[in-house]
Amino acid sequence: MRRLSRFNLVSLALGLAFLYVPILILVVYSFNGSRLVTVWGGFSTRWYAALLEDLPLQEAALTSLGIAFVSASAATVLGTLAALTLTRLGRFRGRLPFAAMVYAPLVMPEVITGLSLLLLFVAVGFERGVVTVTIAHTTLTLCFVAVVVQSRLASFDRSLEEAAMDLGCPPLKTFLTVTLPVIAPAIAAGFLLAFSLSLDDIVIASFTTGPGATTLPIRIYSEVRLGVKPEINAVCTIFIAVTAVVVILASLISRRTERPAAG
Amino acid sequence: MRRAFVPRDDLDKPMVRFDAVTRRFADVTAVDQLSLDIREGEFFALLGPSGCGKTTLLRMLAGFERPDEGRLLLAGQDIAAVPPWRRPVNMMFQSYALFPHLSVAGNIAFGLKQERMPRREIKARLAEMLRLVRLEGLNKRKPHQLSGGQRQRVALARALAKHPKVLLLDEPLAALDKKLREETQYELMALQDRLDTTFVIVTHDQEEAMTMAHRIGVMNHGRLAQVGTPAEIYEQPCSRWVAGFIGDVNFFDGTVDAAGVDGVVVADTAGRRFRAAGTAGIQAGTKVALAVRPEKILLTTAAPDAAAMPVNTVAGKVADIGYLGDLSLYKVRLDDGTVVKASVTNARRFAASDIGWDDTVWLSFAPDAAVVLTE
């Protein structure tokens, strides 16, 4: 490996610091014994213990996890179907508008997605709550699943399916026994991506939520407005850990898919 | 070359029959009114340049393409409407198409599991197949842990596992290097002899087709240009195109001057006169091409004795030499500018150094070495 020059080392350190010092401070202060956020009062896990008492926060966390799970599942199914349609049906009528619509949330500012969904729910008289947030998150994350799965399908060797049919496997069974297992890592990576996106979304959630359905990011945000409490640091640390695990898992899985699918 | 193939089935009931089959793609006719019979137990090669329709023909047999017109019979039954998963034929793919998520054993047993064969039988068949392609002990490996040659053998075993009536091979050796490819050719021939299964192979490599096949169908533009044994195709090509496609050849264009029982005399465009034997039924005045293979031309450095001047002799200067080791290919320019290729076997060491550039040489060939082509 090439040795790094001093200039490179310094820029690398500064870059990493820029990205991770704020997070590091948050993590360190979550173990602060003092009630004052800016004063170090010795190592303590008391704020983690305090979380066990904070029922509204726990409720918000459960709501968030539930929404993330359901919306990620729905987005995975719909996103995979969208990817299959885009790669397999060839040049059908309306392909371009369909692709544009699938990928729109990818480039659309979240505020606009959130606002338009809010208007929609109001217009049809849909009562806002957990269900609307779930639907909104499905819309948001579907395109990410579609991107991941479509890139895998693009490099998929169609002769694998022909080989399966040639060996006596009807089309639907071929899809289930050959296509699906081969693209499964991409689908799993898409699911985890959707899950973590839903978990940390605040913009769309705050547009589409209603009374009684508070997600964790919304809860944290509203508490911080009244001043940063040490418990929040503890919650955020746990949150970071969960997100990091999910994202690392997703990248590990998608790296496995990228390994040449030697045929 | 293969031992002669003796058809043992009823001549009216071939294993495969294409009956005036046509297949069109948008504005291209890939297969055009093609009729062909392939016999049971035969090793048949479809040979042709890329885009000639040979792969489409194979894919129609596998069921991935449907004929637009004509009938396709397998053992007497019309299979045009039978989907691939219900046909008693199996295909070995050019890319091998091994299932990456399954082991070697999983791949080979895939087809057997589809037909719900009992476990015990699957196990026995799997062992038989692994022995057949010499992959014992590798059954737990995944495809990406195998070498190219091993993958090729897994693909072959998988296609043979169901004991298909016809095995289809789509450029099966294209991905192997030259040495391995030659070895594998002989292995495939031995295997086919042993199994007695009908093999249909698609290839663009004429050496491969000549070595392995009992019969070759040479295809061009969706039609069969000629069907015959390798020797027939090489020594008695039916047209100028086939003669030029298979191997190397020299053409002398001309007109039949005199026709007799023992052959014809052809005067070519430069006024040279050649004798060709065994050409019954060609009238004087017919426009023909004489095709002579380079290895059938004798090249000498000394002028032949004027009295004993053999027929079909021309003189020229060496314009180019291709030294290939086992033989040398000489391009000789005649007086009128025609270039004739003659190959000489280097039976003696350093024999090739006897002849140099611009040397005057004499070329001659026997009357029965030339093929008279009317089309």
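Everything quoted here is computed from the prediction, not taken from an experiment. In what follows, chains carry the letters A, B, and so on, assigned in the order in which the sequence lines appear, proteins first and then strands, with residues in each chain numbered from 1.
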Does atom [atom1] of [X] have more than 12 heavy-atom neighbours, drawn from other residues, nucleotides or ligands, at distances under 6.0 Å?
X: F7(A); atom1: CZ; value: no
X: R95(A); atom1: CZ; value: yes
X: E136(B); atom1: CD; value: yes
X: H204(B); atom1: NE2; value: no
X: R71(B); atom1: CZ; value: no
X: Y103(A); atom1: OH; value: yes
X: E59(A); atom1: CD; value: no

Checklist entry - Are R59(B) and E162(A) close enough that some pair of their side-chain heavy atoms sits under 4.5 Å apart? => result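 SC-SC contact between R59(B) and E162(A) confirmed.
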Checklist entry - If you count heavy-atom pairs under 4.5 Å between each of V89(B), L168(B), N90(B), L146(B) and chain A, which one has the most? => result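 Most heavy-atom pairs within the cutoff with chain A belong to N90(B).
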Item to check | Selection from F93(B), F110(B), W85(B) maximising heavy-atom pairs under 4.5 Å formed with chain A | outcome: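 The answer is W85(B).
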Checklist entry - Using a heavy-atom distance cut-off of less than 4.5 Å, which residues of residues 165-181 of chain A contact chain B? => result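 Answer by number: M165(A), D166(A), L167(A), G168(A), C169(A), P170(A), P171(A), K173(A), T177(A), V178(A), P181(A).
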Checklist entry - Looking at S95(B) and D157(A), what are the two nearest heavy atoms and their distance? => result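 So the two residues come closest at OG-OD2, 3.2 Å.
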